[in-house]
Amino acid sequence: METHVLETDGAAITYDVSGSGGRPLMMIGQPMDASGFVALRAQFPDRTVITYDPRGLGRSTRSDGRTDNTPEIQAADVHAVIEAVGGPVDLFASSGGAVTALELVAAYPDDVVTLVAHEPPIIGVLPDADAARRARDAFMDAYQAKGGGAGMAAFIQMSSWQGEYTDEYFALPLPDPAQFGMPAEDDGKRDDPLLGTSSLAITDYAPRVQALAAAPTRVVIAVGEETGDAFTGRTAVHTARLLGQEPVVFPSHHGGFIGGEFGYAGKPEEFGVKLREVLG
């Protein structure tokens with residue numbers, strides 16, 4: 001594997017290239033960096049695979065004076081990497097990375113041949129969007145008030161809730177971090193890209209439907225079979241319907257492509273088989 005650093009507008013983006021053969025396959029996430037794709041990368045030894053760390057995360061630095069993670073800026077970074085490696089590429093994009101990818105296709109339509117956007121967490125597509133924003137803001141408030149353990153416990157409660165956010169959901173007390181094996185003590189940090197305010201632009205993103213329809217890219221929205229009616233399962237379904245399609249079901253859950261090294265093990269081998277099938 002070769003590692004490169006690419007200077008873009010206000011950032012130094014680190015990306016990795018491994019293997020050779022076929023059309024390049026890029027894998028992106030947000031706030032996940034390249035380390036989250038180790039298990040999935042291993043399922044494509046016959047392809048050139050590119051992973052990267054988004055600006056300000058992992059090995060990539062930023063000098064633009066900003067802390068927000070906007071899909072537009074992130075898409076420009078991914079576009080720069082694709083230009084550097086020689087596109088177009090096939091693209092697998094997870095979670096916030098799937099939101100970046102939708103903006104990438106809208107803004108740079110010749111970059112991607114097939115996009116598999118796995119469970120993009122776009123609140124505005126939901127029928128209960130206002131309630132979903134309230135639920136999101138609640139875990140962010142818990143983080144600001146009590147720190148990482150409390151914020152993550154509240155995030156888990158929000159993201160695992162099945163179905164729309166009802167009065168029953170909002171009547172729940174904040175969960176104890178200990179029930180998820182996390183410390184309750186506040187370490188004083190408030191810079192978590194998932195729990196803080198830096199990624200609001202991702203969940204508040206509005207897909208550019210007309211630009212996506214006009215692009216030559218084949219766009220596939222994917223959902224995990226185990227995600228059910230949890231938040232990202234519902235956003236995947238409704239994003240797909242906004243684009244005039246139904247989501248393609250993939251093995252496992254929101255992190256179905258991840259190996260056991262993150263304590264969130266999915267089924268990367270089965271996931272890789274399905275991804276290869278969808279990419280054709």
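All of these numbers come straight from a predicted model, not from anything done at the bench. Computed from heavy atoms alone, side chains included, the values below leave out hydrogens, waters and symmetry copies.
- The two residues Leu102 and Tyr205 come nearest to each other via the heavy atoms C-OH, 4.1 Å.
- With hydrogens and angles left out, the side-chain atoms of Thr227 and Glu119 include a donor and acceptor closer than 3.5 Å.
- The main-chain N or O of Ala131 is never found under 3.5 Å from a side-chain atom of Asp128 such that the two would form a donor-acceptor pair.
- Relative to the six-membered ring of Phe170, Arg134 meets both conditions, a distance below 6.0 Å and an angle of at most 45° to the axis.
- Judged by distance alone, the side chain of Arg62 and the main-chain N or O of Ile13 form no donor-acceptor pair under 3.5 Å.
- For Ser199 (side chain) and Pro193 (main-chain N/O), a donor-acceptor pair under 3.5 Å exists by modelled atom type.
- Taking all atoms of both residues into account, the shortest heavy-atom contact from Ala12 to Glu7 is CB-OE2, 3.7 Å.
- In this model, a donor atom of one side chain and an acceptor atom of the other lie less than 3.5 Å apart for Gln74 and Gln30.
- His4 and Thr14 share no donor-acceptor pair across their side chains, judged by distance under 3.5 Å alone.
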> So Asp191 and Lys189, salt bridge (charged side-chain N to carboxylate O under 4.0 Å, His left out) or not? Walk me through it.
Replying inline: CA-CA 6 Å; Asp191 58 355; Lys189 296 180 179 179; over 6 Å; no

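- Salt bridge annotation for Glu226-Lys267: present, with a cationic side-chain nitrogen under 4.0 angstrom from a carboxylate oxygen.
- Counting heavy atoms from C-beta outward, Phe271 and Phe92 have side chains that approach closer than 4.5 Å.
- Donor-acceptor pairing under 3.5 Å is recorded for the side chains of Asp16 and Thr3.
- Of the listed residues (Gln245, Arg241, His118), just one forms a side chain to side chain contact (heavy atoms under 4.5 Å, CB included) with Ile221, and that residue is Gln245.
- The residues Asp141 and Lys146 are annotated as not salt-bridged, no charged nitrogen and carboxylate oxygen being separated by less than 4.0 angstrom.
- Within the 4.5 Å cutoff, side-chain heavy atoms of Arg136 are placed close to those of Leu200.
- Counting only heavy atoms from C-beta outward, the side chains of Thr114 and Val219 never approach each other to under 4.5 Å.
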>> ring pair (Phe, Tyr, Trp, His ring centres under 6.0 Å) for Tyr15 and Tyr52? Distances and angles first, verdict last.
In response: CA-CA 4 Å; Tyr15 67 94; Tyr52 94 123; 8.7 Å; no

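- Under a 3.5 Å cut-off, the side chain of Glu225 and the backbone N or O of Pro251 do not form any donor-acceptor pair.
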> Which is it for Thr8 and Leu6 under the side chain to side chain contact (heavy atoms under 4.5 Å, CB included) test, yes or no, and what are the steps along the way?
Replying inline: CA-CA 6 Å; Thr8 66; Leu6 177 66; 4.1 Å; yes

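- When each of Asp90, Leu40, Val220, Val248 is checked for a side chain to side chain contact (heavy atoms under 4.5 Å, CB included) with Leu275, only Leu40 meets the rule.
- Among all heavy-atom pairs drawn from Ser252 and Gly266, the shortest one is OG-CA, 3.5 Å.
- For Thr235 (side chain) and Pro120 (main-chain N/O), a donor-acceptor pair under 3.5 Å exists by modelled atom type.
- For the atom pair OG1 of Thr48 and CG of Leu25, the computed distance is 9.5 Å after rounding to the nearest 0.5 Å.
- Using modelled atom types and a 3.5 Å distance limit, the side chains of Asp33 and Ser35 yield a donor-acceptor pair.
- A salt bridge links Asp77 with Arg55: the closest approach of a Lys/Arg side-chain nitrogen to an acidic carboxylate oxygen falls below 4.0 angstrom.
- Around atom CG of Asp167, no more than 12 heavy atoms belonging to other residues, nucleotides or ligands sit under 6.0 Å away.
- Looking at Ser160, its side chain does come within 3.5 Å of a backbone N or O of Ile156 through a donor-acceptor pair.
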> When you look at Leu212 and Leu243, which way does the side chain to side chain contact (heavy atoms under 4.5 Å, CB included) test go after all the steps?
Replying inline: CA-CA 8 Å; Leu212 291 169; Leu243 302 181; 3.8 Å; yes

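- Nearest heavy atom pair, residue Ala222 against residue Ala236, reads O-CB, 3.7 Å.
- Note on ring orientation: taking the six-membered ring where Trp is involved, the planes of Phe257 and Phe37 are parallel (angle under 30°, cut-offs 30° and 60°).
- Within a 6.0 Å sphere centred on CG of Asp9, heavy atoms belonging to other residues, nucleotides or ligands number 12 at most.
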>> Using the rule given for side chain to side chain contact (heavy atoms under 4.5 Å, CB included), can you reason through Met140 versus Asp192, listing the C-alpha separation, both sets of side-chain angles and the distance that settles it, and then say yes or no?
In response: CA-CA 10 Å; Met140 293 171 59; Asp192 189 287; over 6 Å; no

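- The backbone N or O of Ala153 lies less than 3.5 Å from no partner atom in the side chain of Gln157, so there is not a single donor-acceptor pair.
- Of the possible polar contacts, one joining the Asp53 side chain to the Ala34 backbone as a donor-acceptor pair under 3.5 Å is found.
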>> Pair Tyr165, Phe231 - check side chain to side chain contact (heavy atoms under 4.5 Å, CB included), show working.
In response: CA-CA 9 Å; Tyr165 296 102; Phe231 173 64; 3.3 Å; yes

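- In this structure, Glu168 places its CD atom where only 12 or fewer heavy-atom neighbours from other residues, nucleotides or ligands lie under 6.0 Å away.
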>> Test side chain to side chain donor-acceptor pair (under 3.5 Å) on Arg41 and Ser18; report intermediate values, then the result.
In response: CA-CA 9 Å; Arg41 175 197 289 271; Ser18 66; 2.3 Å; yes

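- Side chain of Arg23 to main chain of Pro88: no donor-acceptor pair is present (N/O by atom type, distance under 3.5 Å, no hydrogens or angles).
- Under the side-chain hydrogen bond (donor to acceptor under 3.5 Å, both in side chains) rule, Arg66 has a single partner from Thr70, Asp68, Asp64, which is Asp68.
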